[in-house]
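Excluded from the calculations below are hydrogen atoms, water molecules and symmetry mates; all remaining heavy atoms, backbone and side chain alike, are included. We count ligands from 1, going down the list as the structure has it; atoms in each ligand are counted the same way.
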Amino acid sequence: MRKGKLIIFSAPSGSGKTTIVKRLLDKDFKMEFSISATTRKPRGEEKHGKDYYFLSPDEFRTKVKANELLEWEEVYTDKYYGTLKSEVERITNKGCNIVFDLDVVGGLNLKKMYGNEALAIFIQPPSIQELKCRLEGRATDSPEVIQQRLDKAEEELTYASGFDHIVINNDLESAVLETEQLLTKFIND
Ligand code: ADP
Ligand code: 5GP
């Protein structure tokens, strides 16, 4: 059976990456989401084993030491995120394509590891002001956490040119359509 392809999404927090990925998972791309491990707490309706594997710092460290992570980053101070090798194997071995939601550094690292087998897409917000509005509108983070994410966004935007494609998420429907077209081409090539 042909192994699945990898689709990587990165963006500053609040750009709309999760919203776009969820819309794409509903379409017929034979694609599954790689559930990452993280030490941050669940927010909103998030569930363990669906959105993330929510781990304690000790549990996360144990997995790092056991070499169970393909990549991992301290994305925010004391908040660790990582891709589990078991997720990649589970999904690609059954021939499904796999979609990753990673920070910009993790996204580019994975692209480097997989080359042409991976498509790396950067979801860009129309502006920092709009990013702030979206994070506030999502209403899942404290003002301090929102500020931390905005502070990091400026730097994250400088990584955009390293990705295969940049999709500006201004109008959601247009951004979904554009990513859908990129995926169709990549998966069928
Ligand atoms: P991310 O996964 O990049 O952190 P989310 O998908 O959680 O971002 O989106 C952040 C917020 O912005 C959510 O409340 C979402 O509904 C909203 N949103 C996403 N895309 C758009 C868009 N094109 N226009 C306006 N709001 C959007
Ligand atoms: P959030 O807390 O908003 O869910 O995610 C914060 C950041 O961590 C986002 O940029 C998201 O893409 C990134 N992230 C989520 N999972 C992983 C992962 O497994 N590895 C890396 N490097 N980043 C991740």
Side-chain angles (χ1 to χ4, degrees), residues 6-26 33-48 50-55 60 63-64 68-88 91 98-113 118 120-142 144-157 159-160 162-163 166-179:
L6 290 83
I7 299 118
I8 301 162
F9 284 94
S10 296
S13 178
S15 304
K17 181 171 29 100
T18 309
T19 307
I20 292 173
V21 167
K22 283 193 173 148
R23 289 279 298 269
L24 295 169
L25 286 167
D26 288 341
F33 181 62
S34 165
I35 303 164
S36 293
T38 183
T39 62
R40 84 148 163 79
K41 300 270 178 281
R43 76 180 170 224
E45 299 293 298
E46 288 179 335
K47 296 269 176 300
H48 179 82
K50 177 173 173 275
D51 301 284
Y52 279 107
Y53 296 106
F54 294 101
L55 306 181
F60 194 95
K63 290 203 182 295
V64 172
E68 289 179 33
L69 299 177
L70 188 58
E71 62 77 41
W72 62 274
E73 298 290 328
E74 183 180 8
V75 179
Y76 303 104
T77 310
D78 284 339
K79 300 285 179 283
Y80 294 85
Y81 296 78
T83 304
L84 291 157
K85 290 180 181 171
S86 55
E87 280 291 289
V88 181
I91 298 170
I98 177 165
V99 60
F100 299 89
D101 175 340
L102 304 177
D103 84 309
V104 290
V105 176
L108 290 179
N109 279 341
L110 221 61
K111 171 70 189 175
K112 216 179 286 166
M113 282 181 219
I121 300 176
F122 187 88
I123 304 292
Q124 187 163 313
S127 65
I128 295 283
Q129 187 52 40
E130 174 62 16
L131 195 64
K132 184 168 187 281
C133 289
R134 288 186 191 172
L135 285 168
E136 287 170 352
R138 190 168 70 187
T140 50
D141 298 299
S142 66
E144 294 73 35
V145 169
I146 290 180
Q147 193 52 51
Q148 197 183 33
R149 285 168 185 253
L150 288 172
D151 290 344
K152 185 153 179 159
E154 301 261 11
E155 189 211 337
E156 290 170 321
L157 288 171
Y159 287 79
F163 285 75
I166 299 174
V167 172
I168 298 177
N169 180 20
N170 186 12
D171 172 63
L172 180 61
E173 296 311 317
S174 312
V176 170
L177 186 64
E178 193 179 340
T179 37

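For atom 20 (N) of ligand 1, the closest non-hydrogen atom on the protein side is Asn169 ND2, 3.1 Å. Scanning the protein heavy atoms around atom 18 (N) of ligand 1, the nearest turns out to be Arg134 CD, 4.0 Å. If you check which protein heavy atom lies closest to atom 19 (O) of ligand 2, you get Ser36 OG, 2.7 Å. Looking at atom 9 (C) of ligand 2, its nearest protein heavy atom turns out to be Lys17 NZ, 3.7 Å. For atom 5 (O) of ligand 2, the closest heavy atom belonging to the protein is Tyr52 OH, 3.4 Å. Atom 7 (C) of ligand 2 has as its closest protein heavy atom Val75 CG1, 3.8 Å. From the protein, the heavy atom lying nearest to atom 20 (N) of ligand 2 is Glu71 OE2, 2.7 Å. In terms of protein heavy-atom proximity, atom 8 (O) of ligand 1 is nearest to Gly16 N, 3.1 Å. For atom 10 (O) of ligand 2, the closest heavy atom belonging to the protein is Asp103 CA, 3.6 Å. Among protein heavy atoms, atom 1 (P) of ligand 1 sits closest to Gly14 N, 3.5 Å. The protein heavy atom nearest to atom 12 (O) of ligand 2 is Asp101 OD1, 2.6 Å.
Salt-bridge check for Arg149 with Glu156: failed, with every basic side-chain N at 4.0 Å or more from each acidic carboxylate O. For Glu71 and Lys112, the salt-bridge test fails: no basic side-chain N is under 4.0 Å from an acidic carboxylate O. Between Glu130 and Arg134 there is a salt bridge, with a side-chain nitrogen of the basic residue lying less than 4.0 Å from a carboxylate oxygen of the acidic one.
Every atom of ligand 1 is numbered from 1 in the order shown, and the set under 4.0 Å from a heavy atom of Thr18 is 1 (P), 2 (O), 6 (O). Close contacts of ligand 2 with Arg40, meaning ligand atoms under 4.0 Å from a residue heavy atom, involve 1 (P), 2 (O), 4 (O). Those atoms of ligand 2 with a heavy atom of Ser13 less than 4.0 angstrom away are 3 (O). For ligand 2 and Tyr76, the ligand atoms under 4.0 Å from any heavy atom of the residue are 6 (C). The distance from ligand 2 to the heavy atoms of Arg149 drops below 4.0 Å at these ligand atoms: 1 (P), 2 (O), 3 (O), 6 (C). Near Thr19, meaning under 4.0 Å from any of its heavy atoms, are these atoms of ligand 1: 5 (P), 6 (O), 9 (O), 15 (C), 19 (C). In the vicinity of Gly82, heavy-atom distances shorter than 4.0 Å reach the ligand 2 atoms 18 (C), 19 (O), 20 (N). Of all atoms in ligand 2, numbered sequentially from 1 with element shown, those under 4.0 Å from a heavy atom of Thr83 are 19 (O). Residue Glu73 has at least one heavy-atom neighbour below 4.0 Å for each of these atoms of ligand 2: 22 (N). Every atom of ligand 1 is numbered from 1 in the order shown, and the set under 4.0 Å from a heavy atom of Leu172 is 20 (N), 23 (N). The distance from ligand 2 to the heavy atoms of Gly106 drops below 4.0 Å at these ligand atoms: 22 (N). Interface atoms of ligand 1 facing Ser15, defined by a heavy-atom separation under 4.0 Å, are 3 (O), 8 (O).
Panel note: side chain Lys111, backbone Ala118; a donor-acceptor pair is recorded below 3.5 Å. Looking only at distances, no side-chain donor or acceptor of Thr83 sits under 3.5 Å from a matching main-chain atom of Leu70. Listed for the Ser15 side chain is no donor-acceptor partner under 3.5 Å among the backbone atoms of Gln124. Between the side chain of Lys152 and the main chain of Val75, a donor-acceptor pair closer than 3.5 Å is present. Side-chain atoms of Thr38 come within 3.5 Å of backbone atoms of Tyr80 as a donor-acceptor pair (strictly under, hydrogens ignored). A donor-acceptor contact shorter than 3.5 Å is absent between the side chain of Glu87 and the backbone of Leu84.
At least one side-chain heavy atom of Leu69 sits less than 4.5 Å from a side-chain heavy atom of Phe60.
The CG atom of Leu102 sits 8.0 Å away from the NZ atom of Lys17 when rounded to the nearest 0.5 Å.
Ligand 2 lies within reach of Arg43, whose nearest heavy atom is under 4.0 Å from it. For the ligand labelled ligand 1, residue Ser13 lies inside the 4.0 Å heavy-atom shell.
Residue Arg43 has no N or O atom closer than 3.5 Å to an N or O atom of ligand 1. Considering backbone and side-chain N/O atoms, Ala37 never comes within less than 3.5 Å of an N/O atom of ligand 2.
Taking the six-membered ring for Trp and thresholds of 30 and 60 degrees, His48 and Phe54 have ring planes inclined between 30 and 60 degrees apart.
Here Asn170 has backbone heavy atoms under 4.0 Å from ligand 1, and that is the only part of it that gets that close. Looking at Ala11 against ligand 1, nothing comes within 4.0 Å, counting heavy atoms. Contacts between Trp72 and ligand 2 below 4.0 angstrom, taking non-hydrogen atoms only, are absent altogether.
Across every non-hydrogen atom of Asp78 and Thr39, the tightest pair is O-OG1, 3.6 Å.
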